[in-house]
*Asks:* 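Structure incoming, see below.
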Amino acid sequence: MPAKDGSLRNIQYEDLGRLTYLNAVIKETLRMYPAGPSTDRLAHRDMQVGGYFIPKGTIFWISLYTMQNLPSIHDDPAAFKPERWFDPDYLYLRTTSDRVSPYVRHSCQAKPDSTAGDSSHKPRSDSKQSADDSLVDVGKQTRAAAEVKEPLNQPKRWFPFSEGPRSCVGQTLANMNVTGTLATMLAHYHFRLAEQMGGPQGVQESESVAITLAPSKGLFMHAEPRLIM
């Protein structure tokens with residue numbers, strides 16, 4: 001990290017919450033390209049979701065990638081706009097003003113016990129989940145949002161680590177690692193996409209899903225050292 005005298009110093013934990021724009025960039029990247037692009041759930045009872053009947057025992061697949069790139073949830077979803085996350089309340093859909101699909105409106109009105117369970121994992125305790133939710137993002141904007149009591153049944157528009165008691169248990173560590181690593185690397189290097197990747201469009205066309213979403217043959221970039229006076 002740049003020090004007051006212009007030199008570089010090691011990044012500290014306290015720095016993570018001050019990197020407002022970097023955190024917004026990370027959040028927008030995970031919106032467009034969630035590392036875990038899908039999940040599945042097991043219906044523990046008969047239920048209605050978005051007008052569809054789902055019988056008890058059904059395992060259904062949920063595309064987080066698709067949901068986070070819908071124009072009914074995000075304005076201009078194909079555009080990379082980190083600035084949209086400067087508003088801490090943007091995490092939640094404002095059903096009275098946003099363009100929301102009938103599915104989202106139906107979900108917003110669902111009862112708390114109408115959520116489906118994971119097909120392979122046991123739920124964590126409420127106290128553990130509450131602690132994890134408060135640490136999901138180390139950025140200033142998200143911490144400010146965490147201080148506000150979450151609206152009951154208010155649907156979210158960002159869930160790259162899934163959502164609810166069966167969300168990714170490592171998301172706090174993942175956010176800290178990504179933020180700290182990127183801040184350290186960007187302090188030392190400029191990065192430029194290698195020609196062999198075929199530009200941004202080539203990167204998108206090489207997307208492949210195994211367990212996670214990633215370019216099928218890796219991501220090649222040029223790292224050019226910054227001149228530190």
*Asks:* Tell me yes or no: between the side chains of W158 and Q68, is some donor less than 3.5 Å from an acceptor?
*Replies:* no
*Asks:* For a 4.5 angstrom cut-off between non-hydrogen side-chain atoms, does P77 reach M32?
*Replies:* no
*Asks:* A side-chain contact here means heavy atoms from C-beta on lying under 4.5 Å apart; do L30 and F161 qualify?
*Replies:* yes
*Asks:* Per the salt bridge (charged side-chain N to carboxylate O under 4.0 Å, His left out) rule, what does the pair list look like for residues 195-204, sequence neighbours excluded?
*Replies:* R192-E195
*Asks:* Does a sphere of radius 6.0 Å around CZ in F191 hold more than 12 heavy atoms from other residues, nucleotides or ligands, not counting ones at 6.0 Å or beyond?
*Replies:* yes
*Asks:* How long is the span from the OG atom in S162 to the CD atom in Q171, to the nearest 0.5 Å?
*Replies:* 9.0 Å
*Asks:* So if you build clusters from Ile, Leu, Val, Met, Phe, Trp, Tyr with side-chain heavy-atom gaps below 4.5 Å, do L16 and L186 land together?
*Replies:* yes
*Asks:* Would the distance check show the side chain of E28 and the main-chain N or O of K81 forming a donor-acceptor pair, the cut-off being under 3.5 Å?
*Replies:* yes
*Asks:* For residues F159 and I211: do they belong to one hydrophobic cluster (side chain heavy atoms under 4.5 Å, members Ile, Leu, Val, Met, Phe, Trp, Tyr)?
*Replies:* no
*Asks:* Same cluster for W61 and I59 if Ile/Leu/Val/Met/Phe/Trp/Tyr side chains link at under 4.5 Å?
*Replies:* no
*Asks:* Do Y189 and M221 belong together in a cluster built from hydrophobic side chains that touch within less than 4.5 Å?
*Replies:* yes
*Asks:* Do R157 and S72 have a side chain donor and acceptor closer than 3.5 Å?
*Replies:* no
*Asks:* Is there a side-chain contact between E163 and L64 (heavy atoms, below 4.5 Å)?
*Replies:* no
*Asks:* Rounded at 0.5 Å granularity, tell me how far OG1 in T179 sits from OH in Y13.
*Replies:* 10.5 Å
*Asks:* After noting the C-alpha distance and the side-chain angles of L193 and H222, does the key distance pass the side-chain contact (heavy atoms from CB on, under 4.5 Å) rule?
*Replies:* CA-CA 6 Å; L193 192 64; H222 298 285; over 6 Å; no
*Asks:* Say whether H74 and Y90, considering side chains only, have a donor N or O and an acceptor N or O under 3.5 Å apart.
*Replies:* yes
*Asks:* Between T181 (side chain only) and V178 (backbone N and O only), is there a donor and an acceptor less than 3.5 Å apart?
*Replies:* no
*Asks:* Could you check whether T20 and R18, counting side-chain N and O atoms only, form a donor-acceptor pair closer than 3.5 Å?
*Replies:* no
*Asks:* Might you work through the salt bridge (Lys or Arg N to Asp or Glu O under 4.0 Å) test for D15 and R9, ending with a clear yes or no?
*Replies:* CA-CA 11 Å; D15 296 320; R9 61 174 176 81; 2.9 Å; yes
*Asks:* Has D46 got a side-chain atom pairing as donor or acceptor with K56's backbone, closer than 3.5 angstrom?
*Replies:* yes
*Asks:* According to a hydrophobic-cluster definition based on side-chain heavy atoms being under 4.5 Å apart (Ile, Leu, Val, Met, Phe, Trp, Tyr only), do L173 and I11 belong together?
*Replies:* no
